[in-house]
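Here is the naming used below: chain letters follow the sequence lines, and residue numbers restart at 1 for every chain.
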Number of protein chains: 2
Amino acid sequence: MSLKLLAATLNLSITTVSRALDGYGDVAPATRDRVMAAAEAMQYRPNAAARRLRRGSTEVVSLVLPTGPGRFDEPLYLELMSVMGERFAERGYDLTLLAAPPGPDEMKTYRRLVEGRRADGLIVVRTRRQDPRIAYLLGTKMPFVVMGRSDTPGLYPFVDGDGEAAFAAATRDLAALGHRHIAHLAAPAALTYATLRRAGYERAMDELGLPRQVVECDADEQAARAACSELLAGAAPPTAILCATDRMALGVLRAARERGLSVPADLSVVGHDNLPAGAYSDPPLSTMELPLAETGDLLARMLLARIGGAPPDDTMQAIIPIRAVPRGSVAPPR
Amino acid sequence: MSLKLLAATLNLSITTVSRALDGYGDVAPATRDRVMAAAEAMQYRPNAAARRLRRGSTEVVSLVLPTGPGRFDEPLYLELMSVMGERFAERGYDLTLLAAPPGPDEMKTYRRLVEGRRADGLIVVRTRRQDPRIAYLLGTKMPFVVMGRSDTPGLYPFVDGDGEAAFAAATRDLAALGHRHIAHLAAPAALTYATLRRAGYERAMDELGLPRQVVECDADEQAARAACSELLAGAAPPTAILCATDRMALGVLRAARERGLSVPADLSVVGHDNLPAGAYSDPPLSTMELPLAETGDLLARMLLARIGGAPPDDTMQAIIPIRAVPRGSVAPPR
DNA sequence: TTGAAAGCGGTACCAA
DNA sequence: TTGGTACCGCTTTCAA
């Protein structure tokens, strides 16, 4: 079904048909109705490629997931996609997901997207402090929004949770329960969120006059389990561990069990992300959560505005509060 | 950067440049090298829309996730995407993810995809016994592959786990441990997998001469929790529950805890899917797993073949064995 | 109010 | 081995 065919059927020019379908005013109402009816009857759908070529836009927005095979385990981003997808669909955009593991090929994916005009806008997630993706995109005309922050200089829209405040608050909460040995299991410092969360913990510990104890490891269960085993075997093992992520916290739970420690009686554990797995762990994991509905909504709005031509400004930068999700993995120390 | 510009810079025709870039043989090696070098230097990337319009192909393959907002919780499909994404990338295809909750608008998404030529191929997941998506696609020229099966008549490529055999085996395993009251928590019968798994359970129970006990509910934690509470409050509560999915099994774990039952001592629980949450539940959930790497690989191969023009035939239909993942939620009855 | 025609950026046929 | 050119399907001036 092409415009040509539709026009031929109607004995009209493709010009008129096109305008009628786009709802232009300079088309006779009778003609418009006739066209609409025929389009409906013949199940006309405009060819996306032709439309894109002509208009120079793709009606596609892409989110590139920085995770490789087997690590595609972030319900977080799916939840985000679901919220944003709705917003974009309302405006006629497809939200598509691409996978591009960090590494030498990562930038290729972005270049292909940008230079091949494969999307009208991009969503960047899992930001790093020095983020080559942001640096690259700032040098292009491609509208993009960022979930998270970066030290990469430049003005661009972003939405991030206030990880620093949240981790400071969580630290104070643990101290208020009586904990004195509170350790922080930090994610790799190259990730912005890791640095912010760590800073929150450190600030609170300093203010409380408590000695910091930070261990850094990869943000997955295995690495956290190993790091935690070591920590617990040390001279002055902590009575509480504040973990940068839930995946790490799950590893900690396992390490504690392996050492015969009972959580939360012997060890309190707190995570961040509110992963589904945390709700069903033993014990249920106390955690924190970035409101994804709000985040996605803001990001979508910002990106749509940027695509519409609005320049990035500092009203397009939001840091939103992180919500505590208390469950069963926190208690006063013995 | 367009072909035109590149050609002008090189003092060549766009024809020659185009062919040089596509690696055709009828271009002088010297010219080809010159073109390649210039394209590299000028960072030439073909315009995707133009190429698509001309070639009539999109270089895009889409997977439509039949889940709505807040229900975007299937690590399964992400894992699958990751595997398939690699295969497709090797061949120059982008794999994109779209969300289309089942309901009146679901078919609209498919029609838009098909009639707007927005993809060269489709992957259909979460099949139903009567599946309007498959029925529709069979009537179009759009190549597609299915993860799962359907009663919808017609010849199309699919890959599915052998849920019937797996659930029969799991039932026999429970019986071998001494269980006599084995219940099955079934997912809605409209879903093909639900029917197959139930059939496996029923067949095994019949063969064992044990009385069947089937409860059907939605395939999520809440519904399963409620259904299980009722089941456990009944006259002859089961000593083992075989759940159609892990999400349901997690709900059962919770229901058991709420009734003060200890798993696996008082109640054995088995799920299916090998969700991450099951590895960290209390106790760790015994489950089953469809090998996703193999499944994704097969599906990708089949779809690529279909896109390449191969007709669907019965060599493109695979039923693969499901692997048992024993963990801590199964024991002999007290 | 309608239609003719140019052109978006490639690809592929045909001729040179 | 190279170049001219038609054309993919649509949008959008410009003219009628």
Side-chain angles (χ1 to χ4, degrees), chain A residues 1-36 38-39 42-60 92 94 111-120 141, chain B residues 1-36 38-39 42-60 92 94 111-120 141:
Chain A
M1 263 320 314
S2 68
L3 256 196
K4 188 148 74 173
L5 225 84
L6 189 57
T9 311
L10 287 161
N11 268 322
L12 284 170
S13 70
I14 56 170
T15 312
T16 303
V17 175
S18 172
R19 274 180 306 204
L21 290 173
D22 279 3
Y24 276 60
D26 54 357
V27 143
T31 311
R32 223 202 40 193
D33 294 347
R34 216 156 60 84
V35 171
M36 293 301 222
M42 301 179 69
Q43 302 241 62
Y44 170 75
R45 295 281 181 292
N47 177 302
R51 188 192 195 111
R52 287 170 188 182
L53 176 57
R54 178 63 227 223
R55 303 224 289 210
S57 74
T58 64
E59 299 166 11
V60 165
D94 285 345
R111 266 197 284 275
R112 194 168 124 94
L113 236 28
V114 171
E115 290 161 15
R117 301 270 125 79
R118 283 166 185 270
D120 292 347
K141 291 267 162 231
Chain B
M1 266 319 315
S2 68
L3 255 197
K4 188 148 73 173
L5 225 83
L6 190 56
T9 311
L10 287 161
N11 269 321
L12 284 171
S13 72
I14 55 170
T15 312
T16 303
V17 175
S18 172
R19 274 180 305 202
L21 290 172
D22 279 3
Y24 275 61
D26 54 357
V27 148
T31 312
R32 223 202 40 196
D33 293 348
R34 216 155 62 83
V35 171
M36 291 303 221
M42 301 179 69
Q43 302 239 61
Y44 170 75
R45 295 281 181 293
N47 178 302
R51 188 193 194 109
R52 288 170 187 183
L53 176 56
R54 180 60 231 222
R55 302 226 290 209
S57 73
T58 63
E59 298 166 12
V60 166
D94 286 344
R111 265 197 284 275
R112 195 169 123 94
L113 236 28
V114 171
E115 290 160 16
R117 302 268 125 80
R118 282 165 185 270
D120 292 347
K141 290 266 163 231

- Query: Is D120(B) reaching over with its side chain to a backbone N or O of T58(B), donor-acceptor style, under 3.5 angstrom?
  - Reply: yes
- Nearest heavy atoms of A20(B) and M36(B), plus distance in Å: O-CE, 4.0 Å
- Note on the structure: Ranking A49(B) and S13(A) by the position along DNA chain C of their nearest nucleotide, the one closer to 5' is S13(A)
- Message: Reading DNA chain C from 5' onward, which residue's closest nucleotide shows up sooner: V17(A) or P46(B)?
- Response: V17(A)
- Message: Looking at every non-hydrogen atom in both residues, tell me the closest pair between G92(A) and R112(B) and how far apart they are.
- Response: O-NH2, 3.9 Å
- Atom-pair distance (CG on L53(A); P on dA6(C)), nearest Å: 17 Å
- Message: Please confirm whether the shortest side-chain N or O distance from Y44(A) to OP1 or OP2 of dG9(D) is below 4.0 Å.
- Response: no
- Message: Could you work out how much the helix from dT1(C)-dA16(D) to dA16(C)-dT1(D) bends, comparing the axis of its first five pairs with that of its last five, to 10°?
- Response: 40°
- Query: Between dT1(C), dC10(D), dG10(C), which nucleotide has the shortest distance from any of its atoms to the side chain of R51(B)?
  - Reply: dG10(C)
- N11(A) has an atom CG; how far is it from atom P of dT1(C), in whole Å? 20 Å
- What is the distance, rounded to the nearest whole Å, between atom CG of L21(A) and atom P of dC10(D)? 10 Å
- Check whether any side-chain heavy atom of L6(B) lies under 4.5 Å from a side-chain heavy atom of L21(B), and answer yes or no. yes
Sort me out a list of protein N/O and nucleotides 12-16 of chain D N/O pairs below 3.5 Å, or just none if empty.
from    : atom 1 : to     : atom 2 : distance (Å)
dT12(D) : OP2    : Y24(A) : OH     : 3.1

- Minimum heavy-atom distance between S13(A) and A7(A), given as atom pair plus value: C-CB, 3.8 Å
- Taking only the side-chain heavy atoms of N47(A) (C-beta and beyond), determine which of dG10(C), dG9(D), dG3(C) contains the nearest atom. dG9(D)
- Query: Does T16(A) place a side-chain N or O at less than 4.0 Å from the phosphate oxygens OP1/OP2 of dT1(C)?
  - Reply: no
- CG (L5(B)) and CD1 (I14(B)) are apart, to the nearest 0.5 Å, by 12.0 Å
- Task: Using atom CG of L10(A) as one end and atom P of dT2(C) as the other, report the distance to the nearest whole Å.
- Result: 12 Å
- Query: Minimum heavy-atom separation for E115(A) to Q43(B), with atom names?
  - Reply: OE1-O, 3.9 Å
- Item | Protein-nucleotide distance (R117(A), atom CZ; dG10(C), atom C1'), rounded to Å | 14 Å
- What is the distance, rounded to the nearest whole Å, between atom CZ of R45(A) and atom C1' of dC10(D)? 17 Å
- Query: Looking at R52(A), R51(A), R117(A), which hits salt bridge (charged side-chain N to carboxylate O under 4.0 Å, His left out) with E59(A)?
  - Reply: R51(A)
- Message: Measuring from the side chain of K4(B) (C-beta onward, heavy atoms only), which nucleotide among dG9(D), dG3(D), dC8(C) has the closest atom?
- Response: dC8(C)
- Task: Would you name the heavy atoms of V60(B) and R118(B) that are closest together and state the gap between them?
- Result: CG1-O, 3.8 Å
- Whole Å only: how far is the CG atom of L5(B) from the P atom of dG10(C)? 10 Å
- Query: Step by step, would you call V27(A) with V35(A) a side chain to side chain contact (heavy atoms under 4.5 Å, CB included)?
  - Reply: CA-CA 10 Å; V27(A) 143; V35(A) 171; over 6 Å; no
- Item | Nucleotide dG9(C), atom P - distance to CG of L6(B) in whole Å | 14 Å
